[in-house]
Amino acid sequence: MLFAPLRLALRIISLLLTALLVYFAVSLVQVWLTSRHYDPHAADAILVMGAAQYNGVPSPDLAARLNEALKLYPKYASLIIVTGGKEKGDVYTEAQAGAAYLQAHGVPPSDILQAGGDTTYQNVADAAPELLARHATTVLVTTDPFHEDRSMAISSSLGLTPSPTPTRTSPIKGWSTVPYFLKEAVGVGLGRIIGFDHLDWLHDA
């Protein structure tokens with residue numbers, strides 16, 4: 001009889017762990033499905049999520065995101081907002097590197113906005129007020145496919161209406177994307193529970 005409470009506790013723990021695994025499996029499927037969704041249409045702005053830059057030169061990952069924005073501009077939107085802060089010791093922010101890249105490819109400075117932030121949430125949180133002040137609420141979110149779902153979820157939570165336009169030229173391809181998809185499943189799953197603004201510990205792409 002003394003083992004009955006222990007068996008019950010173990011069964012409850014087992015059920016909770018199973019539910020948790022199912023929850024994150026569903027989140028992973030959602031992240032994967034969103035990564036395959038590409039929906040360009042007329043919008044108020046193109047939101048480019050930040051990625052690394054090297055002394056003002058976009059990394060291959062950031063360049064892929066910026067090149068996608070160039071494909072969308074100005075056919076679908078005449079305003080681009082680039083995001084991203086800088087690491088300690090950097091001279092340029094990711095947003096500054098992105099803006100310079102876009103200008104070098106023919107986008108007028110008047111059509112480019114910059115926002116900071118060191119995480120995905122901070123990127124969007126810094127960009128949203130700039131966009132909303134211009135009544136730009138519909139955005140095409142340009143980032144890596146695996147990063148699209150969380151970026152859009154955060155955008156929605158901050159008053160924007162996002163649509164997915166992930167880059168198809170990311171240097172992160174094939175099996176190398178697996179850890180990124182798993183990380184994003186954790187980020188999306190936890191973000192729904194504790195809030196996307198509490199994921200600063202999650203290393204961003």
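Here, residue 1 is the first one in the sequence, and each next residue gets the next number.
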**OP:** Return yes if a side-chain donor-acceptor contact under 3.5 Å exists between Tyr101 and Gln96, otherwise no.
**Re:** no
To the nearest 0.5 Å, atom CD of Glu148 lies from atom CG of Asp39 at 10.5 Å
Smallest heavy-atom separation, Asp61 atom then Ala51 atom, equals OD2-CB, 4.1 Å
Closest non-hydrogen contact found for Ala153 with Phe196 is CB-CZ, 3.7 Å
query = With distance as the sole test, does Gln114 use its side chain to make a donor-acceptor pair with the main-chain N or O of Gly116 at under 3.5 Å?
reply = no
One should read off an interatomic distance between Asp44 CG and Ile81 CD1, to the nearest 0.5 angstrom, of 12.5 Å
TODO: Taking the side chain as every heavy atom from C-beta outward, state whether Leu113 and Leu79 have any atom pair closer than 4.5 Å.
DONE: yes
In short, Tyr92 meets Lys86 closest at the heavy-atom pair O-CB, 3.3 Å
Distance col, row Tyr23:OH vs Leu16:CG, nearest 0.5 angstrom, shows 14.5 Å
Next item on the list: Consider only side-chain heavy atoms of I, L, V, M, F, W and Y, link residues closer than 4.5 Å, and tell whether Leu140 and Val124 are in one cluster.
Entry: no
>> Under 3.5 Å, is there a donor on one side chain and an acceptor on the other for Tyr73 and Asp111?
In response: yes
inquiry  = Starting from Val188, can I reach Ile172 by hopping between I/L/V/M/F/W/Y residues whose side chains sit under 4.5 Å apart?
reply    = yes
On a heavy-atom basis, the closest approach of Gly189 and Ser27 is CA-OG, 3.7 Å
Q. Does the side-chain hydrogen bond (donor to acceptor under 3.5 Å, both in side chains) test come out yes or no for Tyr54 and Asp90, once each step is laid out?
A. CA-CA 8 Å; Tyr54 307 114; Asp90 284 351; over 6 Å; no
query: For Lys173, does its backbone N or O pair with a side-chain atom of Ser176 as donor and acceptor, under 3.5 Å?
result: yes
Legend entry - Ile194 with Leu158, same ILVMFWY side-chain cluster at under 4.5 Å: yes
Heavy-atom check, side chain of His37 versus side chain of Ser163, under 4.5 Å: no
Rounded to the nearest 0.5 Å, the OG atom of Ser151 sits from the OH atom of Tyr121 at a distance of 13.5 Å
Output for pair (Asp144 CG, Phe181 CZ), nearest 0.5 Å, gives 9.0 Å
Worksheet item: Hey, does His147 have a side-chain heavy atom less than 4.5 Å from the side chain of Thr120?
Response: yes
Next item on the list: Apply side-chain hydrogen bond (donor to acceptor under 3.5 Å, both in side chains) to Arg65 and Ser170, showing your working.
Entry: CA-CA 7 Å; Arg65 301 177 186 191; Ser170 171; over 6 Å; no
For Leu199 and Thr119, what are the C-alpha separation, side-chain angles and deciding distance, and is it a side-chain contact (heavy atoms from CB on, under 4.5 Å)? CA-CA 9 Å; Leu199 298 177; Thr119 66; over 6 Å; no
Heavy-atom side-chain proximity of Leu190 to Phe24 below 4.5 angstrom:
yes
_Within the structure provided, determine whether Leu28 and Glu184 are in side-chain contact (heavy-atom separation under 4.5 Å)._
no
Do Ile12 and Leu20 belong together in a cluster built from hydrophobic side chains that touch within less than 4.5 Å? no
Quick one: does any side-chain atom of Arg36 pair with a main-chain N or O of Trp32 as donor and acceptor, under 3.5 Å? no
>> Are Ile46 and Tyr76 packed together at the side-chain level, in the sense that at least one heavy-atom pair is separated by less than 4.5 angstrom?
In response: no
- Sub-4.5 Å side-chain heavy-atom contact between Leu131 and Val139: yes
Note: Ser35 and Pro166 closest approach over all heavy atoms is O-CG, 3.9 Å
From the list Thr143, Thr142, Thr83, side-chain contact (heavy atoms from CB on, under 4.5 Å) with Leu47 holds only for Thr83
- Task: Answer yes or no: is there a donor N or O on one side and an acceptor on the other, between the side chain of Ser59 and the main chain of Leu62, under 3.5 Å?
- Result: yes
| query | Do the side chain of Asn123 and the main chain of Met49 share a donor and acceptor less than 3.5 angstrom apart? | reply | no
Minimal heavy-atom distance between Ala97 and Gly56, with the atoms involved, is CB-O, 3.5 Å
Here the gap from Gln122 atom CD to Ile154 atom CD1, rounded to the nearest 0.5 Å, amounts to 10.0 Å
* Asked: Would you say Asn67 and Thr167 make side-chain contact, with heavy atoms under 4.5 Å?
  -> no
Review point. Would a hydrophobic clustering, with Ile, Leu, Val, Met, Phe, Trp and Tyr connected at side-chain separations under 4.5 Å, put Val186 with Met152?
Key: yes
